[in-house]
Every structure is written in C-alpha cells, then in structure tokens.
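Here the structure comes first, spelled out in structure tokens, and everything after it is commentary.
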Amino acid sequence: MPVSQKTENCFIFALPMSAYDKIYAIVQQISYGRVATYGQVAELAGLYGQARLVGYALYQINTSASEIPWHRVINAKGEISYSSLRRGDDYLQRSLLEDEGIEFSQDGKIDLRRYQWQPENHI
DNA sequence: ATGTTGACCCCTC
DNA sequence: AGAGGGGCCAACA
C-alpha cells in the first residue's frame with residue numbers, strides 16, 4: 001500500500017493539512033509558561049528550514065481573538081522579534097509572557113535553557 | 001511572470 | 001559580538 005506524498009510529509013497527522021494548519025497545531029501544544037522558537041515549530045510541523053513561514057503564519061492571526069498561544073513563539077536568540085508591522089503586538093507579547101512568569105534579562109532576552117518547551121514524545 | 005519583502009536561521013569571518 | 005550572506009517560501013505588487 002503506497003503512502004501518498006502528502007501523508008508522508010505529515011508525520012503527526014492522519015489527514016493532509018495545509019502548512020499553516022500544521023504550524024497552528026504545533027503552537028497550540030506549547031505549554032503555559034514556556035516558549036518555542038520559530039525554527040523549532042517549523043521542524044515539529046514537518047517544515048524543517050522554513051522558520052520564516054512560521055512567522056508569516058502567526059502574522060495572519062495575532063490580531064484576531066485567537067486561541068492559539070502565538071506569544072509563546074520567539075526567535076532562536078531568545079528574543080521577541082520586534083517589527084513595526086506588528087503594531088504593538090510585539091510589546092504585548094512580552095507582557096503576556098511576563099504574566100506567565102517568564103523572566104527577561106536586562107537586554108530583553110529569555111533564557112531558552114530555562115524556558116524552552118520540550119514537546120512530549122509521542123509513540 | 002518576475003521581483004521584493006519578511007514575527008527566521010545558520011554559518012563564516 | 002556583530003555583520004554579511006545564503007537558504008527558505010508564501011504573499012503581494
């Protein structure tokens with residue numbers, strides 16, 4: 001029984017999903033009080049090397065009242081990615097993370113060794 | 001149909 | 001530690 005290309009790309013999910021849906025599905029799993037990096041989300045979604053796509057996917061949702069914890073995604077340097085395009089949502093992101101007990105260093109960085117989310121191993 | 005732009009990442013000086 | 005460059009690819013003009 002040959003496996004279709006789409007199914008093969010989608011190692012966690014039974015049905016084919018769009019790249020964005022894969023990204024959202026991963027972000028939804030990030031625990032309270034923890035953070036994941038864009039690259040980490042991409043890789044877990046089966047999109048290795050496409051970290052930029054994660055940023056773009058989150059850009060689509062952060063203004064709407066979404067149940068996706070978009071604020072728990074930061075860059076590989078442990079920083080919030082600031083951009084004027086975000087119209088203040090980047091500053092909101094820091095505030096939301098601090099509300100979850102995450103501490104920032106003086107230069108605005110999060111210690112990934114302390115706060116990075118480790119996904120549960122699935123069988 | 002190109003060309004440009006990013007909430008990115010990694011490597012090399 | 002900071003800059004530069006290549007890779008990535010959907011969205012947009």
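Nothing here was measured: the structure is a model prediction, and the numbers come from that model. Lettering follows sequence order; numbering is per chain, from 1.
Rounded to an integer number of Å, the gap from A:Leu85 CG to C:dA11 C1' is 13 Å. Atom CG in A:Leu58 sits about 17 Å away from atom P in B:dG6, given to the nearest Å. Between A:Ile110 atom CD1 and B:dA7 atom P the separation is 18 Å, expressed in whole Å.
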Exercise. Would you give a per-nucleotide map of nucleotides 8-13 of chain B, 5' to 3', where B means the base has a protein non-hydrogen atom under 4.0 Å away, S means only the sugar-phosphate does, and - means neither?
Key: BSS---

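A heavy-atom distance below 4.0 Å to DNA chain B is reached by these residues of residues 91-98 of chain A, ordered by number: A:Gln93.
Distance check on atom P: B:dT4 versus C:dG5 gives 16 Å, rounded to whole Å.
A distance of 12.0 Å separates CZ of A:Arg72 from CD of A:Gln29, quoted to the nearest 0.5 Å. Between atom CD1 of residue A:Ile74 and atom CD of residue A:Gln40 there is a gap of 9.5 Å, rounded to the nearest 0.5 Å.
Transitive grouping of hydrophobic side chains (ILVMFWY, heavy atoms separated by less than 4.5 Å) brings A:Ile80 and A:Tyr115 into a common cluster.
Nucleic acid contact for A:Ile80: none, since no nucleic acid atom lies under 4.0 Å from a heavy atom of the residue.
Scanning all heavy atoms of the two residues, the minimum distance from A:Leu47 to A:Ala19 falls at CD1-O, 3.9 Å.
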Quiz item: Please walk me through it: do A:Val73 and A:Ile30 pass side-chain contact (heavy atoms from CB on, under 4.5 Å)?
Solution: CA-CA 9 Å; A:Val73 184; A:Ile30 305 172; 3.9 Å; yes

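A side-chain N or O of A:Gln93 and one of A:Arg86 form a donor-acceptor pair less than 3.5 Å apart.
Listed pair A:Tyr20 / C:dA11 meets the phosphate criterion, a side-chain N or O lying under 4.0 Å from OP1 or OP2.
Within the 6.0 Å centre-distance limit, the rings of A:Tyr82 and A:Tyr91 are counted as a close aromatic pair.
Ionic pairing of A:Glu103 and A:Arg114 is present here: one or more N-O contacts between side-chain nitrogen and carboxylate oxygen are shorter than 4.0 angstrom.
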